[in-house]
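Taking it in order: structure first as structure tokens, then the write-up.
Keep in mind the model is a prediction, meaning the values are calculated, not measured.
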There are 2 protein chains.
Amino acid sequence: MSKGLTSRSEDYSQWYNELVAKADLAEHSAVRGCMVIKPYGYSIWEKMQAVLDQKFKETGHSNAYFPLFIPKSFFSKEASHVDGFATECAVVTHYRLKNDGSGNIIVDEDAKLEEELIVRPTSETIIWNTYKGWIQSYRDLPILVNQWANVVRWEMRTRLFLRTAEFLWQEGHTAHATAEEAIAETEQMLDVYADFAENWMALPVVKGKKTANERFAGALDTYCIEALMQDGKALQAGTSHFLGQNFAKAFDVKFTSKEGKQEFVWATSWGVSTRLMGALIMAHSDDSGLVLPPKLAPIQVVIVPIYKGEEELAKISEAVDVIIKDLKKKGISVKYDDRDTQRPGFKFAEYELKGVPVRLAMGGRDLENNTVELARRDTKTKETVSRDGIADKIELLLEEIQQNIYHKALQFRIENTRKVDSYDDFKKALDETPGFIAAHWDGTSETEAKIKEETKATIRCIPLNNEQEEGVCMVTGKPSSQRVLFARAY
Amino acid sequence: MSKGLTSRSEDYSQWYNELVAKADLAEHSAVRGCMVIKPYGYSIWEKMQAVLDQKFKETGHSNAYFPLFIPKSFFSKEASHVDGFATECAVVTHYRLKNDGSGNIIVDEDAKLEEELIVRPTSETIIWNTYKGWIQSYRDLPILVNQWANVVRWEMRTRLFLRTAEFLWQEGHTAHATAEEAIAETEQMLDVYADFAENWMALPVVKGKKTANERFAGALDTYCIEALMQDGKALQAGTSHFLGQNFAKAFDVKFTSKEGKQEFVWATSWGVSTRLMGALIMAHSDDSGLVLPPKLAPIQVVIVPIYKGEEELAKISEAVDVIIKDLKKKGISVKYDDRDTQRPGFKFAEYELKGVPVRLAMGGRDLENNTVELARRDTKTKETVSRDGIADKIELLLEEIQQNIYHKALQFRIENTRKVDSYDDFKKALDETPGFIAAHWDGTSETEAKIKEETKATIRCIPLNNEQEEGVCMVTGKPSSQRVLFARAY
């Protein structure tokens, strides 16, 4: 708290790292690439989990739990899947350590596994191997299961929340009798994610499909939600995959249809992760710290007393109690910080850093005047208001803040989404005014790869319900019927 | 559902295995020792988690998340800890697979880790290494943190829920300025566990301390709750450890006290796991299936229509709707099973197997008479009752069932706890009337080890507030001032 943050304009990346540390969200651990999610950071993640979990259950899903480990041979069964995940995984080879006799703890070579186990990078293979035992007839379908779990992908360059070797996520895995039903599920879960991003995280997202190059390893179609961060880089915030019959075929999962025929089962999978924490932080926060949307803020209102002596504090605390009770009645979370070890200014800075949406301060004059000082985190404005009906006022204000944060992010995205028609303008825009770029592309993987190679920009998605527009590919000049969304991305 | 369960008297172990499978609670996975927790089993675990999590928060704890992996060297830092866990752990040695050129997926020897990583069997070491960075002064204390996580202990003989290589648990890890405060925390969390076991799981437990032999690796004192299963074997249902300054010393975690002195921090850890599922199943269930205490039952009331033709079903459904609304208003979870693919008798057996506390059945005559058939799972009794005030009646009945299940288990424990004074009687009791045996012991590890070796019985605990009674050790004849609780155990 003693020093301020590096500003976003000075060094966005440094600003992010400092903010994650200073707001007590997470830190690097002693294990390369693995993070410690600190209590304040975890309490935000818990709020996200609770909302998502409820949405999954409302759409008919149940939670279950599958093994952390996946036998190596399972990866070979789905060809593209192994290419996608084998190059970045943690491999368990032994099941025992021993003392070498001189006090050193070493791996016991007598305890080598017959088949190596992979720490799950994603669970399609172990789950479809399990579903084989659950599915015989169309009566066993659909299976609508979700898992909250940790997964490991051995990333070499890591950043807290955005890219870590271990991360927390949920992965939905569903099984269906028809392709139509599986596609409908894939689309439904994309809608659930978009709804969560926009209405809870206050994060506007573009719903779209990935190109073949950017698809999940093993999917026929990958749907995604893409968001724009304040530095103009895109962030993939969630994906929903239509897996076709690929995993059913790999693990021989068939069912007897109503007509008595043996058919392979259709699959989907969909997930969001602690990466959403990174998106939440980067989309809204400012040079003073976090800005949290009220619906996900662990503390929605903080109250700080400003007093001289115990007697005044007692009177203030009495008046504050009334406010606290009224706020709690409305389900608003409130913290009263009457610590005597820190000055009010220190506390103000701390809650600003931690993104608490509304701060009340009450001093001797407020006591006399039946007022309280009310400060908004999002606009950094404050005013002195009457305490009459203060809980109602705050309830409305939290709604307003939620809306304001969303609209600010939406406005930013609108201003930073550009149509570009030449490859030169495209490159210039990437460097000078980063953001989403809507451009024509000839639809080939080769052109997409060339653009990525030359500019580090990728096709974030082909937006759903995309406007059809005749044009020519900015690189090859070949005909194109729609613009796709490019950006450099996290 | 087609075949019944093996009875408990015939083969208790087989009964348990069949019940876990047939009630859709869990199954073995393709990975040796790792289980799949199926949706119905997981929904019970979720209820347990929700209650415990709230209790942890009410006692001031926050959740956080620490890495899955622990560097091998960390295990060497706390001497007894390495002995306790090194012989049964999953070791990650590589971080990449590769294609060997002929299509086989093999471990890439170029991707060997410099230091092996252990999949956490428990997290004291990685957490205390982290706490070192969090604690400087007494102002940073206490730290009251809990983690919900998966852990791995390489068990060679596994049983679903009771002993699996991977299991789910929570582990609390707290840091304190004084020994007194840490001991108070250890005892508080034992009380939380006992309260949860008795008032939610309906499982009577004995609170006690472990002997030195049975302590957690690295603890100065291990407190536990011990429960008795229907086959007379004991099950340790939760532990709370006073760790002294062992981990603070191992990881050099000191704080500046109020008096300005540098002191090592005092620690506790405490945990319960998916093993509780095993206890819940074994304590209450019968030869017809699960018996769930209403407070943890995912479905508290199931309603089955008994009808001839669509028209009658429509009328029944209309009457059932009223009941459902009234039950939901009271927060009672209810399922209406109007599937037309199964007969009522099949459904009755299914919900009996799954332990649904209350079953209502409504047929044509009930429609006419304004009645419903009400069946209790715990007593297997049924009666036809008026539908007037049915929701109130069920609300009271659920309370009564909760109490009844608890008292039945308590009565069983009382009847199966015996005082024994000679070693011969002790051995005879173990074989003929298994249960808790209260006997005198000379207090030495040698005698305890001899008894374990010769009878497979262990000292489950030295009960808290134990009655002091002069006696002599049943094995050595040496003086003893109290009886301790022996049993064979899971």
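Chosen from Arg139(A), Arg32(A), Gln147(A), Lys57(A), the residue pairing most often with chain B at heavy-atom distances under 4.5 Å is Lys57(A). Counting heavy-atom pairs closer than 4.5 Å to chain A, the top-ranked of the candidates Val145(B), Leu168(B), Ile126(B) is Leu168(B). When the candidates Pro39(B), Ser62(B), Cys34(B) are compared by the number of heavy-atom contacts under 4.5 Å with chain A, Pro39(B) comes out ahead. Between chain B and the residues Asp108(A), Asn150(A), Asn129(A), the largest count of heavy-atom pairs under 4.5 Å involves Asn150(A). Ranked by non-hydrogen atom pairs under 4.5 Å with chain B, the options Thr130(A), Thr164(A), Leu68(A) are led by Leu68(A).
Under the 3.5 Å distance criterion, the side-chain polar atoms of Lys72(A) are left unmatched by any main-chain donor or acceptor of Ile106(B).
The CG atom of Asn99(A) sits 8.5 Å away from the OG atom of Ser76(B) when rounded to the nearest 0.5 Å.
For the pair Ile70(B)/Val31(A), no side-chain contact is recorded, criterion being any heavy-atom separation below 4.5 Å from C-beta on. For the pair Cys89(B) and Arg96(A), the minimum side-chain heavy-atom distance is 4.5 Å or more. Within the 4.5 Å cutoff, no side-chain heavy atoms of Ile127(B) are placed close to those of Val36(A). For the pair Phe66(B) and Met35(A), the minimum side-chain heavy-atom distance is 4.5 Å or more. The shortest distance between side-chain heavy atoms of Asn63(B) and Ser43(A) does not fall below 4.5 Å.
Between Tyr95(B) and Trp154(A), the two ring planes are parallel [angle under 30°; tilted spans 30° to 60°]. A parallel orientation is assigned to the rings of Tyr65(B) and Tyr42(A), their planes being inclined by less than 30° (bins at 30° and 60°).
Using a 4.5 Å cut-off between heavy atoms, Trp134(A) touches chain B through its side chain atoms alone. When heavy atoms are compared at a cutoff of 4.5 Å, Asp53(A) approaches chain B solely by way of its side chain, counted from C-beta outward. Contact annotation for Tyr40(A): neither backbone nor side-chain heavy atoms come within less than 4.5 Å of a heavy atom of chain B.
Shown here for Glu166(A) and Pro67(B), the closest heavy-atom pair between the two residues is OE1-CA, 3.4 Å.
For residues 109-123 of chain B, the interface with chain A (any heavy-atom pair closer than 4.5 Å) comprises Leu113(B), Glu116(B), Leu117(B), Ile118(B), Val119(B), Arg120(B), sorted by residue number.
Residue Arg339(B) places its CZ atom among more than 12 non-hydrogen atoms of other residues, nucleotides or ligands, all under 6.0 Å distant.
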- Message: With side chain to side chain contact (heavy atoms under 4.5 Å, CB included) as the criterion, how do Val152(A) and Phe69(B) come out once you've worked through the C-alpha distance, each side chain's angles and the decisive distance to 0.1 Å?
- Response: CA-CA 10 Å; Val152(A) 172; Phe69(B) 301 125; 3.8 Å; yes
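Checking Glu46(B) against Trp148(A) by side-chain atom types alone, no donor-acceptor pair falls below 3.5 Å.
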